[in-house]
Amino acid sequence: MKPTFKQVTKTRYVQLVSELAQQIFVQHYTKLTPKVAAALAERYQSDLVTDEEIHSGVINYFLVYLGSEPVGYFALDLGPAGALCLRRLFLLEKARGQGIGRSVAAYAQKLAEGDGRSRLYLKVWAKDLKAEAFCKKCRFRKAETVPTEVLPGVMLDLTTWEKLWR
């Protein structure tokens, strides 16, 4: 089944992103404790944070559906000049490995090209081997790895992967 994307504009969909984040972060960040993963979800994907990002006019959120079931979400950051940042691409465990992420990356690249941008990039946790494999499958190249404080006292190395086409 081919995924569909719905832009998040209403409060109930902002809440759905937050609920999905709580589930997905604990599933995804298995090398962290569930408590730290839940804290990351609250810090970066609470209703309030997501709503503020949407209303900034720079970040657009999309829910990912398989049929009528929401299975994940992603955000596109329109802020970087000449580039588009694919942010927070997260899928429920049961939706992984079905080509959904590649569909999202292709969709983001198409939007970036249509907007005259020449670079698409994303940042992933350097120890996430599945995310690294995903980036390679989508033909992104590794740009840099930078230690980043994601919570007070919690450092993660984040790797930027990019795709250039002009």
Do you reckon [X] sits in the same ILVMFWY cluster as [Y], going by side-chain contacts under 4.5 Å, direct or chained?
| X | Y | result |
| --- | --- | --- |
| V26 | V49 | no |
| V8 | L16 | yes |
| L92 | Y61 | yes |
| Y121 | L158 | no |
| V124 | L40 | no |

Where is the tightest heavy-atom contact between [X] and [Y], given as atom of each residue plus distance?
| X | Y | value |
| --- | --- | --- |
| V64 | P3 | CG1-CB, 4.1 Å |
| L151 | A39 | CD1-CB, 3.9 Å |
| C138 | K163 | O-NZ, 2.6 Å |
| G72 | L20 | O-CD1, 3.9 Å |
| L84 | A108 | CD2-O, 3.3 Å |
| A75 | I59 | CB-CG2, 3.8 Å |

Decide yes or no for [X] and [Y]: does some side-chain heavy atom of the first lie under 4.5 Å from some side-chain heavy atom of the second?
| X | Y | answer |
| --- | --- | --- |
| Q98 | L66 | yes |
| E132 | K142 | yes |
| I54 | N60 | no |
| K127 | D157 | no |
| L122 | C135 | yes |
| Y13 | P70 | no |

Would you give the length of the straight line joining atom [atom1] of [X] to atom [atom2] of [Y], rounded to the nearest 0.5 angstrom?
| X | Y | atom1 | atom2 | value |
| --- | --- | --- | --- | --- |
| S46 | E52 | OG | CD | 7.5 Å |
| Q45 | I24 | CD | CD1 | 9.0 Å |
| R43 | F25 | CZ | CZ | 11.5 Å |
| R87 | E53 | CZ | CD | 5.0 Å |
| Y107 | L120 | OH | CG | 13.0 Å |
| Q23 | E93 | CD | CD | 12.0 Å |

Query raised in the report: Can you list the residues that meet the salt bridge (charged side-chain N to carboxylate O under 4.0 Å, His left out) rule with D51, with sequence neighbours excluded?
Result: none
Query - From CA spacing to verdict: side-chain contact (heavy atoms from CB on, under 4.5 Å), M1, E69 - result: CA-CA 12 Å; M1 183 180 301; E69 182 183 5; over 6 Å; no
Can you tell me if [X] uses its side chain to pair, donor with acceptor, with the backbone of [Y] under 3.5 Å?
| X | Y | answer |
| --- | --- | --- |
| E149 | G153 | yes |
| R96 | L91 | yes |
| W165 | R117 | yes |

Query raised in the report: In terms of ring plane angle, is the pair F62 and F74 parallel, tilted or perpendicular, where the classes change at 30° and 60°?
Result: parallel
**Report entry** Aromatic ring pairing F90/H28, orientation class (parallel under 30°, perpendicular over 60°, tilted between)
**Finding:** perpendicular
Requested in this report: Could I get the full list of ring pair (Phe, Tyr, Trp, His ring centres under 6.0 Å) partners for F134, not counting sequence neighbours?
Outcome: none
Query raised in the report: Picking from D77, L111, V104, what satisfies side chain to side chain contact (heavy atoms under 4.5 Å, CB included) with L86?
Result: V104
Report summary line: Of V150, L156, T145, the one forming a side chain to side chain contact (heavy atoms under 4.5 Å, CB included) with W125 is L156
Requested in this report: Consider only side-chain N and O atoms of Q109 and E113, and report whether a donor and an acceptor are under 3.5 Å apart.
Outcome: yes
